[in-house]
Amino acid sequence: MPKQPGKAGRAAAVAALAALTAVVFALSAAALSSIYAVRDESSTVVHTAPQAALVTAAPPETVQPEAPQLQTVRVYADGEIHTTYTYGELVGEVLRDLGITLGQYDRVSYPLDRETRDGMSVMVTRVTTKITTAQQVLPAQERVFLNTVLRPGQETVLEAGADGVVTVSTKSTYENGRLVSQEEISQAVAVPSRDRVVIRGAETAALPQDAEGNAIVTAGGEILNYSRVIDGKATAYNCPGYVGHTASGTIAEVGKVAVDPKVIPLGSKLYVVSQDGQYVYGYCIAEDTGGLIKGNKVDLYFSTWDECIQFGYRPVTIYVVEA
């Protein structure tokens, strides 16, 4: 049988066991301290890693629009300068806010739908028009007819003529009160002019030539329209030694002829040529009458009695012209 230890042995054993327990307890405490330290380090890593990830994963910052900038705009209108402040409104809105209204023809230096900008100068041009009327002289024209009855170069004024009156309408355009243009827009004859009619002697004068329609071209190049042509007879007369007067009250002279008023009314304008081509009496006026002048007969005034004798009695063509 094994031997049992005594008191002293048992006391030593208890002391040894207590020492061993103390060592184990110390070792356990150290181990626990290490474990907690590791855990703390891990916690630190765990806590810092998510923070870094959170920063890098944050959404980008949103760009905020810039606040509109105050603009200075000057408007020139009606002789005044308006300084106003805007935030990019339209030109038309600026004018409206300033109480500036536009007329039908007014102009603005920028389109009304253009946005303003800082330092912009807007010019308003007032455009007005005015219609005026004035009377002007309508000068009488001179018409010259050649004949072979007067001496070459000699002239007789059959009709003095008279200036007429024409009413002229003019459109004037003003910009900001200053005249910039004038335009004639119409003319209306208030009083017709009457041509000055002259007959001029020529050595020879061509017979009239037919023109288009009822018209002839005279020796001097005048175009005369006629209403009818009369195949007639002509005699010649003169007032030797005195100044004669026609039945119309005018002085008897070359270019004044006697007619039968029943056939050719007094005042009619005529163009007479002899059918043999020797005489171009030319342009003349029916202003006289005679007891023997009947039907298609005319009596032509000549400067001298000898010329009357020389002319005698001849067949003539009489154009009743519209002169």
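Since this is a predicted model, take the numbers as computed values, not measurements. The first residue in the sequence is number 1, and the count goes up from there.
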Taken in chain and number order and not counting sequence neighbours, the residues that satisfy side chain to side chain contact (heavy atoms under 4.5 Å, CB included) with Ala215 are Ala211, Ile223, Asn225
Selection residues 123-139 - residue pairs positive for salt bridge (Lys or Arg N to Asp or Glu O under 4.0 Å), sequence neighbours left out
Asp78-Arg126, Asp106-Arg126
Does anything in residues 304-317 pair up under salt bridge (Lys or Arg N to Asp or Glu O under 4.0 Å), and if so which pairs, sequence neighbours excluded?
Asp276-Arg314
Sorted by chain and number, sequence neighbours left out, salt bridge (charged side-chain N to carboxylate O under 4.0 Å, His left out) with Glu115 holds for none
Tell me every residue that passes side chain to side chain contact (heavy atoms under 4.5 Å, CB included) with Val189, counting only those two or more places apart in sequence or in another chain.
Leu138, Pro192
Residues passing the side chain to side chain donor-acceptor pair (under 3.5 Å) test with Gln182, sequence neighbours excluded, are Ser172
Would you please classify the geometry between the Phe302 ring and the Phe311 ring as parallel, tilted or perpendicular, with 30° and 60° separating the classes?
tilted
Does Asp195 have any side chain to side chain contact (heavy atoms under 4.5 Å, CB included) partners at least two apart in sequence or in another chain, and if so, which?
Gln141, Arg143
According to salt bridge (Lys or Arg N to Asp or Glu O under 4.0 Å), does anything in residues 256-265 pair up with another residue at least two apart or in another chain? List the pairs.
Glu253-Lys256, Lys256-Glu287
Among Ile, Leu, Val, Met, Phe, Trp and Tyr joined by side-chain contacts under 4.5 Å, find the other residues sharing a cluster with Tyr313 and list them by chain and number.
none
Set of salt bridge (charged side-chain N to carboxylate O under 4.0 Å, His left out) partners for Glu93, sequence neighbours left out
none
Using a strict 4.0 Å threshold on nitrogen-to-oxygen distance, state whether Arg200 and Glu155 make a salt bridge.
yes
Check side chain to side chain contact (heavy atoms under 4.5 Å, CB included) between Glu175 and all other residues, then give those that pass, not counting sequence neighbours.
Arg107, Thr125, Val127, Val180
Listed by chain and number, what are the salt bridge (charged side-chain N to carboxylate O under 4.0 Å, His left out) partners of Asp113, not counting sequence neighbours?
none
